[in-house]
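Below you'll find the structure, written out as structure tokens, and then a few comments.
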2 protein chains.
Amino acid sequence: MKRDEEREIRDQKGMLPDEEAMLQNEEGMIRDRNGLTESQFLAQYDVGDYERPSVATDMVIFTVMDTEKDNYRKLPEKALRVLLIQRGGHPYLGKWALPGGFVRPNETTEQAAVRELREETGVDHVYLEQLYTFSEPHRDPRTWVMSCSYMALIDSSQVELQAGDDADHAAWFTLSYRLIREQKEILESGVIRSWHYELILTSERDTLTALVERKMTLTESATHTEYNILSNNGLAFDHAKIIGAAMERLRGKVEYTGIALHLMPQLFTLTALQQVYEVILGKELLKAAFRRKVAHLVMESDHYTENAGHRPSRLYRRNWEMMT
Amino acid sequence: MKRDEEREIRDQKGMLPDEEAMLQNEEGMIRDRNGLTESQFLAQYDVGDYERPSVATDMVIFTVMDTEKDNYRKLPEKALRVLLIQRGGHPYLGKWALPGGFVRPNETTEQAAVRELREETGVDHVYLEQLYTFSEPHRDPRTWVMSCSYMALIDSSQVELQAGDDADHAAWFTLSYRLIREQKEILESGVIRSWHYELILTSERDTLTALVERKMTLTESATHTEYNILSNNGLAFDHAKIIGAAMERLRGKVEYTGIALHLMPQLFTLTALQQVYEVILGKELLKAAFRRKVAHLVMESDHYTENAGHRPSRLYRRNWEMMT
DNA sequence: ACAATAGTGTCTCTGAGACAGTATGAT
DNA sequence: ATCATACTGTCTCAGAGACACTATTGT
């Protein structure tokens with residue numbers, strides 16, 4: 001086994017090609033030091049039996065939903081939600097996990113994510129973005145499993161359609177991700193910065209909490225960033241980290257791209273869009289400035305909201321041409 | 001084999017926990033539907049023999065080097081360089097590949113990258129960032145290999161030290177990555193945008209070229225981005241894509257972080273820093289505006305350049321505290 | 001003196017922040 | 001008329017772009 005692994009690694013790195021071995025007869029007919037052409041080499045190639053990891057995809061599926069309105073004429077508030085699935089087997093039995101599954105041969109991690117998304121939500125064409133690959137050897141207590149994580153954004157109207165048709169083991173959780181501590185420690189050799197985020201997930205029946213740390217070590221010529229789960233109540237595996245990574249990606253991109261439009265239905269008001277921005281960023285924005293900023297991302301429609309208990313609002317649609 | 005895979009996937013997704021099976025005696029003593037506690041489950045857990053991919057890391061190691069100066073008093077220009085390794089075995093015998101290797105059990109992909117970096121360059125503490133995981137099933141003709149790619153930034157003075165101590169099969173290539181076509185195609189159902197980048201890598205002996213396309217499909221509720229290699233002359237595997245992804249990450253981050261400082265030695269002039277920005281972004285910047293912009297990322301030192309054939313320049317050092 | 005780079009001052013333009021003011025439909 | 005939201009106008013401030021100007025060395 002060790003022998004195979006070594007050979008693999010040598011092949012991958014590549015050694016100095018032996019000049020006489022590199023007789024290039026025709027295109028694709030170069031021979032290696034054993035006198036084999038590429039097709040001959042591949043025909044005799046043995047995969048070897050050294051250890052390989054399992055690779056899974058885990059998905060953070062975001063959507064935005066209205067909360068109930070207090071007052072017949074007040075606008076409903078928006079909440080950011082993620083889909084979680086309660087585990088029915090060990091490990092982490094009874095805990096909540098991100099939807100995901102193993103990548104199969106002859107598919108990409110992205111195809112696995114699309115497949116999983118369809119199985120779990122019935123939704124098909126959505127915004128999907130690869131986040132990060134988590135590879136701590138013991139992140140899954142069963143065996144060596146890496147997770148290539150994805151973020152999906154679903155427009156809220158699509159969600160209404162399929163809500164409830166899936167089993168009870170899946171539930172939408174309202175998400176709050178808040179910076180609760182920021183620290184800067186100055187050593188003689190460098191700086192350590194850390195941020196603590198409190199993650200709270202609430203469904204109708206459960207509340208899950210976790211504390212995630214982002215830690216950055218900056219020294220002369222070395223720089224390292226790591227995520228740690230400081231406490232975790234109800235989430236399976238390292239999924240608190242993955243949700244944290246997704247929130248940071250989402251927040252980062254909201255500011256300088258039109259990514260939030262993927263969370264909107266076909267027609268929406270600018271106030272609704274602003275609420276989505278606010279719920280993602282976790283802060284209030286000024287109306288006038290917001291409208292100027294998103295003006296080029298949307299197109300006016302001729303439709304208006306009705307029966308709102310106050311002045312009707314113009315409805316807009318996404319302007320894809322302006323999205324990068 | 002199929003049976004094992006199914007079980008795996010069921011475990012990962014989690015099924016609705018059977019209420020009576022969830023007798024929670026003590027913390028960690030929950031029993032599953034077979035009456036097993038978590039530790040009992042893990043003790044009897046069988047990994048199964050369904051197919052798993054190999055996982056490798058590939059690294060884009062960037063550094064900046066001076067080119068020769070034309071004139072005794074002119075400043076040398078900077079060039080962005082990446083390290084490539086000539087393959088000594090099939091597949092892609094004789095082609096140039098990114099340094100990389102397989103991830104071993106009990107290490108993370110990042111640790112594999114660090115190990116590989118040290119083996120290949122002797123450098124140890126550097127800026128390292130995960131880029132993207134490439135998983136097209138046939139990206140490696142031998143077998144199913146995913147690549148978790150990383151970008152490393154090495155300060156040019158560290159590189160001078162070890163240059164040449166490694167074998168001839170490794171070489172630094174000057175990199176040029178240029179947008180040569182931008183296209184917007186409007187369909188009735190959406191928009192397809194594409195960007196063609198020309199990648200040129202030159203070493204003292206070789207010139208490699210590739211044409212990489214970034215293609216974004218935006219339709220009502222669906223959004224998809226993909227990279228394609230349109231032509232490729234001299235690079236192994238899908239490494240042209242990986243280099244493209246690295247360049248885009250680097251360019252993106254240069255604009256709003258201090259990432260470029262990782263490419264600088266301990267003491268440097270602001271003009272040198274500006275040249276690094278320019279060579280990464282591929283465009284000229286205005287001096288006054290640039291100096292205002294980076295002012296908070298650097299600290300003055302009391303040292304100056306000497307024997308320059310013109311007015312000496314103040315040397316600065318990195319101000320880590322201001323880097324996010 | 002001259003070549004070449006180092007470094008500064010300042011005008012303009014743009015875009016975000018702030019806030020006040022006007023508009024409009026449902027009850 | 002009132003409530004609640006829709007929408008606009010405009011002042012200010014900060015930062016980027018543009019460009020001109022002064023400063024300082026080695027040869």
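Just so it is clear: chains get the letters A, B, ... in the order the sequence lines come, proteins before strands, and each one is counted from 1.
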Whole angstrom is fine here: how far is it from NZ in A/Lys293 over to P in C/dA18?
13 Å
How many whole angstroms separate atom CG of A/Leu297 from atom C1' of C/dG15?
15 Å
Would you please classify the geometry between the B/Tyr197 ring and the B/Tyr177 ring as parallel, tilted or perpendicular, with 30° and 60° separating the classes?
parallel
Separation of C/dG7 atom C1' from B/Gln274 atom CD, nearest Å, is 12 Å
Nearest-nucleotide comparison on DNA chain D, the residue closer to the 5′ end among A/Thr305 and A/Ala289
A/Thr305
Smallest heavy-atom separation, B/Pro76 atom then B/Gln275 atom, equals O-NE2, 3.4 Å
Chi angles and distances behind the side-chain contact (heavy atoms from CB on, under 4.5 Å) call for B/Ile280, B/Leu263
CA-CA 11 Å; B/Ile280 291 171; B/Leu263 292 164; 3.8 Å; yes
Where along nucleotides 20-27 of chain C does protein come under 4.0 Å, by heavy atom, of base (B) or sugar-phosphate alone (S), with - for untouched nucleotides?
---BBBBS
Just do the side chain to side chain donor-acceptor pair (under 3.5 Å) check on A/Thr67 and A/Glu77 with the steps written out, would you?
CA-CA 5 Å; A/Thr67 58; A/Glu77 301 214 326; 5.3 Å; no
Verify the neighbour count for atom NZ of B/Lys253: are there more than 12 heavy atoms of other residues, nucleotides or ligands below 6.0 Å?
yes
More than 12 heavy atoms from other groups under 6.0 Å of CD on A/Glu284
no
Students should find that the nucleotides of DNA chain D closing off the region near chain A, any atom under 4.0 angstrom from a heavy atom, are D/dC3 to D/dT10
Side chain to side chain donor-acceptor pair (under 3.5 Å) assessment of B/Glu248 paired with B/Tyr227:
CA-CA 12 Å; B/Glu248 263 150 50; B/Tyr227 284 81; 2.5 Å; yes
How close or far is atom P of C/dG17 from atom CZ of A/Arg292, stated in whole angstroms?
9 Å
Specify the separation, in whole Å, of atom CG of A/Leu286 and atom C1' of C/dG15.
13 Å
Let me know the distance between NZ of A/Lys283 and C1' of C/dG17, rounded to the nearest Å.
11 Å
Give a yes or no answer on whether the side chain of A/Arg249 reaches the backbone of A/Gln130 with a donor-acceptor pair at less than 3.5 Å.
yes
Return yes if some donor-acceptor pair links the side-chain N/O of B/Arg318 with the main-chain N/O of B/Met264 below 3.5 Å, else return no.
yes
Nearest whole Å is fine: how far is C/dA6 P from B/Phe290 CZ?
12 Å
For B/Leu270 and for A/Leu285, locate the closest nucleotide of DNA chain C by heavy-atom distance; then report the residue assigned to the nucleotide nearer the 5' terminus.
B/Leu270
Has B/Thr271 got a side-chain N or O lying under 4.0 Å from the OP1 or OP2 atom of C/dA6?
yes
